[in-house]
Structure formats: C-alpha cells, structure tokens
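Quick notes on the structure that follows.
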Number of protein chains: 2
Amino acid sequence: MSRAEQKERTRRAIINAAFSQLSADKSFASLSLREVAREAGIAPTSFYRHFADMDELGLTLVDEAGLMLRQLMRQARQRIEKNGSVIRTSVETFMEFVTGNSNVFRLLLRERSGTSAAFRSAVAREIQHFVAELAEYLRKETICPDELARAQAEAMVTLVFHTGADALDAPASQYAYLTSRTVTQLRWLAHGAASYGRKPKEQGSL
Amino acid sequence: MSRAEQKERTRRAIINAAFSQLSADKSFASLSLREVAREAGIAPTSFYRHFADMDELGLTLVDEAGLMLRQLMRQARQRIEKNGSVIRTSVETFMEFVTGNSNVFRLLLRERSGTSAAFRSAVAREIQHFVAELAEYLRKETICPDELARAQAEAMVTLVFHTGADALDAPASQYAYLTSRTVTQLRWLAHGAASYGRKPKEQGSL
DNA sequence: CCGTTTAGCTTACAACTGTTCGCTCATTCT
DNA sequence: AGAATGAGCGAACAGTTGTAAGCTAAACGG
C-alpha cells in the first residue's frame, strides 16, 4: 500500500471515529483528542500527523456534513420531478436525512450556535447554500423580487431545520405529525408571501 | 446575619458567577465547578453545600432564564396595548431581550439542543409557555381552530428565536434589518394561515 | 448556657486532558 | 544502493478536573 494511500486511510479512520462518537449526549466539544485517537486505532500523538488541532478536525466534519446536505438537495430535486408536490417532498426528504444521519445533523444543529466562531460561520455558510438555492427556485417559480424570495427561503429553511431538531427528541411515531405540521407552515408562508408581498404595510391589527 | 440568609447569599453568588462566565465562546457545558466556585469566592468543595451537581445548577439557570422570558411576555403585552402593532412590538421587545441579556438567551439557545436530555426538556418546557400563550391569543383574535393556532404560534416563535440567534453574531447595525425581515415573515404566516387555513389541501404546485 | 447543626475550609487523590520529545522503520526519492 | 522523508509509537510532563474526608467556628435550638 502506498504511503499517501495509507495516510488517507487513517485520516478517514479519525474522521469516522469522531462522527461515531457524536450522539445525543456527546457533542463535538465534549470529544477528546485521546478518545478519538483510541477509537481510530492510533496513538494520541499520531493525531497531529493529520490535524493540527481538534478544531481543524471539527471544521473538516462540518465540511463533510455540508457536503451531505448538498447531496440531499440534489436527491430532493430528483424526487420532486417525479412526484410533483414540492413542499411535501422536500420536507420528507429532509426528515429522512435527519433520522438517517442524526449524528451529522446534530453536529450542524449544535455547532450553529456553539462556542467556536469559526464553527458557527462554517455551519452558517453551509446553510446559506440551502437558502440561496431555494431562493432562486422561488424567484423563478413565483414573481417575487429578490429580497422577498430570500426572506421567504430563510423562513422556510429555519422551520424545516427546527422540525428536524424536534424529531431528534421525538419518538418515531411523531414523525408523520411533525412532517405534516411543517408542510402546513410552509404552505402558509408561500401563500402569505404570494398574496401579501405586494402590500407589506400594515394590514389588519397584526 | 442569619444563617439561612447567608446561605441564600452565596447561593446567589454561585448562580451569578455561572451566568457571568457564559459568553459567546463559553457554554454551560464548558464551565467547571472549580472555576464557578472560584468566581463565587468559595472553596470548590463548598459548592456541594448548595448544589448536588453542576447539572442541578444548570437546571436552576434554565429556570431563571425561563422566568425572565415570562417577564418579557408581560412587558410585551403592556407595550402592545399602548402601541397597537402586535407583531412589530413583539419582535422588537424580544430583540431587546436578546441584546440586553445575551448570555441568558444563549443559554436557552444552546441547551435547547445540548447534550443533556434534562436540559433540553427544561428549555422546551419554557418555550412552550411562549407558544401556548401566543396560540391562545391567535385563537381569540382570529377564528382559527385550536390545532392551527398552535402550529402558527410554533412557527412564529421558531422564527423569532432564530432571528435572536442571528442577532448574536451580527453587528448592531444589522438589528433593524433582522427585525423588519422577521416582521415580514410573521405577517406572511399570519396572512397565509388566515386565508389558507380553511383549505389545507393542495393548491398550486407547491 | 451548652450541645447540635452546618457553611465553609484545607488537604488529598485518582483520573483525565493536550502536547513535547525522541525514536523506529517502512516507503520514497535520487 | 543509499540517503531522506514522514507516519506512528511510547514515555513523560504539567495542568486541570470532580470529589472524598475531616476539621473549624459561628449560628442555632433547647
């Protein structure tokens, strides 16, 4: 086995060890370099041959998580073409991602408001891809000015993300309810934005 | 000074020390018993005379934070009566809370998806008060069935909370924009829910 | 006024943490 | 073939952590 090949292999072992240690009651911040190294099957000091820092490893994990998110978006688009219902299909796809890769989602969810500014902005950047893509879609589909499309997309992503977070602590029997509740919320938003977008000044007592 | 009085006093010193050590780059999980005790001016072991655990202290902090939230709600109601615009006044009041008590808000924000199930459900409970109260208001104001009022309230609280989180990392010059963006989003929701609530079945391609 | 209670202290320990240093030894380059 | 590189290791160090045991002294209750 070539040297570079072997190096890449233990690098992956480290990354996988880190991912696998994340759980409902263990965040990235509570991982220790030594524990990760132990599970990766290397000596603690060998860790430094691959990452300068735990932070550097963390940023790598966030990048990989973001990658999975983008793959998810592509997958959602395919399903939409065959299925029709944009909102429901998107929400269902996202919920499958959350329940199937809960540790990955948890990483994004926690580090989005975590203690490292670098992590926070890395996560924010990944989510922005989501928002930007959705906003572009809305701008094409509806006849909405740029700024409103973006605000609408942000609200939608926020609601879907939040539902994912709820699902992490809810029993599987609740998934269907959570999904359809979110679908309803997104439809409200879409409908409200479409008919209300042109007259954003006070209307009614709200 | 009475004994009970003195005990209560150092108990508060502990709580205050903990709150004051929270910051953008220090979460509750990264506080150490010793550090807290040091800032409170007591020996590490004396901590146990007041709390069995760091977890017990944490739950106390979450309770206090929830109390502040409820006070905030009362304050918002007063301002609404004098001001009229429900949504804008509510969002502005909340943003003042976030910027004025950022450590308290950060605690709720982080522990909502933190590593302790007890913390998570404690925070969720506090937020439910928010949602329930808003839902009741919506049910009275609009002519909306229970379930929809609740879903609407949840979406609104989610969006406002998320905006608070954004504000924590944004420069103060962005506050006005964040606020009005959120106001717009909430109005969309309200409008969409009002006109769309009666026909939740597929409408349009979304 | 004397015995009990108890907040707070000091000392101590065992378990971990991240990181430095120097070594081995298989792969790579010349 | 011979020199250089670099991934991985073991030992060691200086910090920190939570927590246990036992003491002191001041407030308390009878």
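Chain identifiers are assigned alphabetically (A, B, ...) following the order of the sequence lines, protein sequences preceding nucleic acid strands; residue numbering begins at 1 within each chain.
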Kindly list each side-chain donor-acceptor pair under 3.5 angstrom involving residues 52-71 of chain B, sequence neighbours excluded, with atom names and distances?
unit_1: B/Thr60; atom_1: OG1; unit_2: B/Glu56; atom_2: O; d: 2.9
unit_1: B/Glu64; atom_1: OE1; unit_2: B/Arg12; atom_2: NH2; d: 3.2
unit_1: B/Glu64; atom_1: OE2; unit_2: B/Arg12; atom_2: NH1; d: 3.2
unit_1: B/Arg70; atom_1: NH2; unit_2: B/Glu126; atom_2: OE1; d: 2.8

Query raised in the report: Listed in order of residue number, which residues of residues 8-20 of chain B have a non-hydrogen atom at under 4.0 Å from DNA chain C?
Result: B/Thr10
Requested in this report: Quickly work out the B/Tyr48 OH to D/dA21 P distance and round it to whole Å.
Outcome: 12 Å
Query raised in the report: From the 5' end of DNA chain C to its 3' end, which nucleotides mark the outer limits of contact with chain B, defined by a 4.0 Å heavy-atom distance cut-off (strictly under)?
Result: C/dT5 to C/dA12
**Report entry** Integer-rounded Å distance: D/dG6 C1' and A/Ile42 CD1
**Finding:** 14 Å
Query raised in the report: Side-chain N or O of A/Ser46 less than 4.0 angstrom from OP1 or OP2 on D/dC9?
Result: yes
Report task. Measure the distance from CZ on A/Arg34 to C1' on D/dC9 and round it to the nearest whole Å. Result -> 13 Å
Requested in this report: Select base, sugar-phosphate, or nothing to describe what B/Ser32 touches, counting heavy atoms under 4.0 Å on all strands.
Outcome: sugar-phosphate
**Report entry** Side chain to side chain, B/Phe28 and B/Phe119, heavy atoms closer than 4.5 Å
**Finding:** yes
Query raised in the report: Mind checking what makes ring pair (Phe, Tyr, Trp, His ring centres under 6.0 Å) contact with B/Phe97, not counting sequence neighbours?
Result: none
Query raised in the report: Reading nucleotides 23-30 of chain D from the 5' end, what letters show protein touch, with B for base, S for backbone sugar-phosphate only, - for no heavy atom under 4.0 Å?
Result: ---BBS--
Query raised in the report: Which residue pairs satisfy the side-chain hydrogen bond (donor to acceptor under 3.5 Å, both in side chains) criterion with at least one member in residues 41-51 of chain A, sequence neighbours excluded?
Result: A/Thr10-A/His50
Query raised in the report: Would a distance-only check, ignoring hydrogens and angles, find a side-chain to backbone donor-acceptor pair under 3.5 Å from B/Arg139 to B/Cys144?
Result: no
